[in-house]
Amino acid sequence: MAKASEHPGGAVNLSIGTPVDPTPQLVREALARAADAHGYPTVHGTEALREAVSNWFASRRGVPGIDPRDVLPTVGSKELVAWLPFLLGLSAGDVVVRPTVAYPTYDIGAMLAGATAVAADSLDELDAATRARVRLIWINSPGNPTGSVRDVESLRQIVAQAREIGAVVASDECYAELGWGEWDAQRGGEAVPSVLDPRVTGGSTDGLLCVYSLSKQSNLAGYRAAFVAGDSSIVANLVNSRKHAGMIVPYPVQEAMRTALGDAGHVLAQKDLYRGRRERLLPALKNFGLEIHESKAGLYLWSTAGEATWDTVRRFADLGIVVGPGVFYGDAGNGFIRVALTGTDERIDAAVERLDTAR
């Protein structure tokens with residue numbers, strides 16, 4: 001960052017995924033209307049919020065019939081990722097499977113429970129002894145940082161394998177509204193499927209959890225607004241445990257979430273902004289000599305110049321551009337960088353100009 005800041009035009013920070021655009025006005029107004037929150041909120045969330053989540057699953061994710069009782073608001077999705085192994089009762093000897101390239105919180109969650117994190121994109125990659133100890137499988141689709149997407153068949157296969165060994169599948173899907181190309185539903189593509197899709201579940205959510213956040217699609221990162229839905233018994237146990245641990249979403253935030261979930265217009269408008277930034281930045285990266293891998297959805301371009309990660313990071317810093325080192329996401333990220341679309345239009349355009357001038 002220090003090197004990039006020396007550039008005459010200032011640093012362009014494309015290393016982090018925090019939203020830079022305003023929180024929608026209708027969401028801010030909902031938060032303000034609910035500001036008189038003198039009583040304690042419920043851990044399970046208001047019935048109106050849980051119904052909004054259920055309706056959102058039906059209208060936006062192709063998942064009809066989610067019982068609002070099987071929905072639970074969370075204080076952002078990261079806290080749920082970090083604490084789920086512990087709340088499920090995992091301990092020493094148990095295995096948590098997470099994607100080969102993944103953000104670090106999956107490993108931290110296993111560590112907090114005393115369990116062992118294992119990197120694998122399929123249970124077929126595990127030996128029999130390890131596979132027998134698997135109790136939780138994390139899916140991240142669309143993936144961070146890779147932008148990879150699991151199709152229905154891939155999801156169906158991992159769900160079937162998990163059920164054979166009695167493991168829970170938790171799917172982190174917070175980028176699902178941000179599909180590109182074949183996964184861009186607004187441009188004739190297919191919607192990114194959920195682990196709760198009936199084509200995946202066979203009609204039963206047993207052993208399945210979908211984790212979702214409004215940080216990306218609604219610019220609510222500062223609200224810590226997210227939820228989990230799925231297996232009835234697991235959700236009920238989470239409600240009870242979280243009640244005693246004080247993991248409660250404030251009522252004004254619940255109302256903001258309810259309002260955001262009921263309005264698709266601001267989500268599509270935000271996606272248009274990201275689409276435009278992606279369409280400008282992607283060819284500039286290619287012309288600079290990078291290959292773009294996966295990056296089919298989400299807010300990142302997973303890229304490699306065929307050299308060590310830190311060599312690429314330094315070359316970008318020389319242009320005043322800060323990118324995310326791929327090695328932060330596991331050994332398999334060596335040689336890659338993560339370039340975020342979360343810059344203002346002005347900063348994205350500055351990055352494009354610098355890359356074009358340098359080639």
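When a residue number appears, it is its place in the shown sequence, counting from 1. Owing to the predicted nature of the structure, the values given are computational and were not obtained by experimental measurement.
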Practice task
Ignoring hydrogens and angles, tell me if any N or O in the side chain of Asp172 forms a donor-acceptor pair with the backbone of Asn140 under 3.5 Å.
Solution key: no
Exercise for the section: Please check if atom CG in Asp331 has more than 12 non-hydrogen atoms from other residues, nucleotides or ligands closer than 6.0 Å. Expected result: no
Practice task
Hey, could you give me the CD/CG distance between Glu79 and Leu87, rounded to the nearest 0.5 Å?
Solution key: 8.0 Å
Handout entry: Gap between atom CG of Leu126 and atom CZ of Arg133 - 0.5 Å precision
Key = 10.0 Å
Practice task
Show your reasoning for whether side chain to side chain contact (heavy atoms under 4.5 Å, CB included) applies to Asp263 and Val27.
Solution key: CA-CA 9 Å; Asp263 180 73; Val27 178; over 6 Å; no
Practice task
Give a yes or no answer on whether the side chain of Arg135 reaches the backbone of Ala167 with a donor-acceptor pair at less than 3.5 Å.
Solution key: no
Problem - Lys/Arg-Asp/Glu bridge criterion (N-O < 4.0 Å) met for Arg315, Glu307 - result: yes
Practice task
Look up atom CZ in Arg338 and atom OH in Tyr329, then write down how far apart they are to the nearest 0.5 Å.
Solution key: 3.0 Å
Practice task
Only pairs at least two apart or in different chains count here, so list each ring pair (Phe, Tyr, Trp, His ring centres under 6.0 Å) that has a residue in residues 8-33.
Solution key: none
Exercise for the section: State whether the number of non-hydrogen atoms from other residues, nucleotides or ligands found under 6.0 Å of Glu291 atom CD is greater than 12. Expected result: no
Exercise for the section: Would you kindly confirm whether Val249 and Tyr223 end up in one hydrophobic cluster when ILVMFWY residues are joined by side chain heavy atoms under 4.5 Å apart? Expected result: yes
Practice task
Using side chain to side chain donor-acceptor pair (under 3.5 Å) as the criterion, point out the one residue from Gln217, Glu173, Glu177 that pairs with Tyr212.
Solution key: Gln217
Exercise for the section: Examine Leu208 and Val97 and state if one hydrophobic cluster contains both, with Ile, Leu, Val, Met, Phe, Trp and Tyr joined whenever side-chain heavy atoms are less than 4.5 Å apart. Expected result: yes
Problem - Salt-bridge present (Arg98, Asp107; N to O < 4.0 Å) - result: yes
Completion exercise
Tightest non-hydrogen contact, residues Ala52 and Arg258, listed as CB-CG, 3.9 Å
Practice task
Report yes or no: do Tyr251 and Tyr40 form a side-chain donor-acceptor pair below 3.5 Å?
Solution key: no
Handout entry: Distance-only side-chain donor-acceptor flag, Asp151 / Ser154, under 3.5 Å
Key = no
Problem - Pair Asp121-Thr100, side-chain donor/acceptor within less than 3.5 Å - result: yes
Handout entry: Exam field: side chain Thr42 to backbone Gly45, donor-acceptor pair closer than 3.5 Å
Key = yes
Exercise for the section: Examine distances only and state if a side-chain atom of Arg224 and a backbone atom of Ala221 form a donor-acceptor pair shorter than 3.5 Å. Expected result: yes
Handout entry: Donor-acceptor pair, side chain of Thr342 and main chain of Ile16, under 3.5 angstrom
Key = yes
Handout entry: Pair Lys271 + Asp184: basic N to acidic O under 4.0 Å
Key = yes
Exercise for the section: State the CG-OG distance between Asn237 and Ser232, to the nearest 0.5 angstrom. Expected result: 11.0 Å
Practice task
Using atom types as modelled and distance alone, determine if a side-chain donor or acceptor of Ser54 lies under 3.5 Å from a backbone N or O of Asp67.
Solution key: no
Problem - Criterion ring pair (Phe, Tyr, Trp, His ring centres under 6.0 Å) on Tyr300 and Tyr175, from CA distance to verdict - result: CA-CA 10 Å; Tyr300 314 109; Tyr175 298 94; 5.7 Å; yes
Fill in the blank from the handout: Rounded to the nearest 0.5 angstrom, the CZ-CZ distance for Phe227 and Arg50 is 13.0 Å
Practice task
May I ask you to check whether Arg347 and Asn13 show a side-chain donor-acceptor distance below 3.5 Å?
Solution key: no
Exercise for the section: State whether the number of non-hydrogen atoms from other residues, nucleotides or ligands found under 6.0 Å of Glu182 atom CD is greater than 12. Expected result: yes
Handout entry: Under 3.5 Å donor-acceptor, Trp302 side chain and Gly147 backbone
Key = no
Handout entry: Short side-chain to backbone donor-acceptor contact, Ser141 and Gly143, under 3.5 Å
Key = no
Practice task
Using modelled atom types only, decide if a donor and an acceptor are shared between the side chain of Arg242 and the backbone of Ile248 within a distance under 3.5 Å.
Solution key: no
Exercise for the section: Check the hydrophobic clustering (I, L, V, M, F, W, Y; side-chain heavy atoms under 4.5 Å; chains of links allowed) and say if Leu214 and Val71 are grouped together. Expected result: yes
Handout entry: Co-membership, hydrophobic cluster, residues Phe336 and Val339, 4.5 Å side-chain
Key = yes
Exercise for the section: Evaluate the ring planes of Trp138 and Tyr106, with Trp represented by its six-membered ring, and classify them as parallel (under 30°), tilted (30 to 60°) or perpendicular (over 60°). Expected result: tilted
Exercise for the section: Answer yes or no: is there a donor N or O on one side and an acceptor on the other, between the side chain of Asp197 and the main chain of Pro193, under 3.5 Å? Expected result: no
Exercise for the section: Go through the side-chain N and O atoms of His266 and Ser218 and say whether any donor and acceptor fall under 3.5 Å apart. Expected result: yes
Practice task
Decide if atom CD of Glu190 counts as having more than 12 heavy atoms of other residues, nucleotides or ligands within a radius under 6.0 Å.
Solution key: yes
Problem - Lys/Arg N to Asp/Glu carboxylate O, Arg33 vs Glu255, below 4.0 Å - result: no
Practice task
Indicate the atoms forming the closest heavy-atom contact of Thr46 with Gln254, along with that distance.
Solution key: N-OE1, 2.9 Å
Practice task
Apply the test side chain to side chain contact (heavy atoms under 4.5 Å, CB included) to residues Val322 and Val12: give CA-CA distance (whole Å), side-chain angles for both, the deciding distance (0.1 Å), then the verdict.
Solution key: CA-CA 6 Å; Val322 185; Val12 177; over 6 Å; no
Fill in the blank from the handout: Ala225 and Val253 have their tightest heavy-atom pair at CB-CG1, 4.0 Å
Practice task
List, by chain and number, the other hydrophobic cluster members for Val192, where Ile, Leu, Val, Met, Phe, Trp and Tyr join if side-chain heavy atoms come within less than 4.5 Å, directly or indirectly.
Solution key: Val149, Trp183
Problem - Ring centroid separation Phe328 to Tyr103 under 6.0 Å - result: no
Exercise for the section: Check step by step if side chain to side chain contact (heavy atoms under 4.5 Å, CB included) holds for Val96 and Leu90. Expected result: CA-CA 9 Å; Val96 176; Leu90 273 63; 3.5 Å; yes
Fill in the blank from the handout: Closest non-hydrogen atoms of Pro64 and Gly62, given as atom of the first, atom of the second and distance, are CD-O, 3.5 Å
Problem - Arg280 with Asp345: basic N within carboxylate O range, under 4.0 Å - result: yes
Fill in the blank from the handout: Output for pair (Leu31 CG, Arg28 CZ), nearest 0.5 Å, gives 10.5 Å
Problem - side chain to side chain contact (heavy atoms under 4.5 Å, CB included) assessment of Leu290 paired with Thr304 - result: CA-CA 5 Å; Leu290 271 68; Thr304 180; over 6 Å; no
Practice task
Tell me, with the steps shown, if Arg163 and Asp206 meet salt bridge (Lys or Arg N to Asp or Glu O under 4.0 Å).
Solution key: CA-CA 9 Å; Arg163 285 172 169 169; Asp206 288 354; over 6 Å; no
Practice task
Spell out, yes or no, whether Ile321 and Val20 are grouped together once hydrophobic residues are joined by side-chain heavy atoms under 4.5 Å, including indirect joins.
Solution key: no
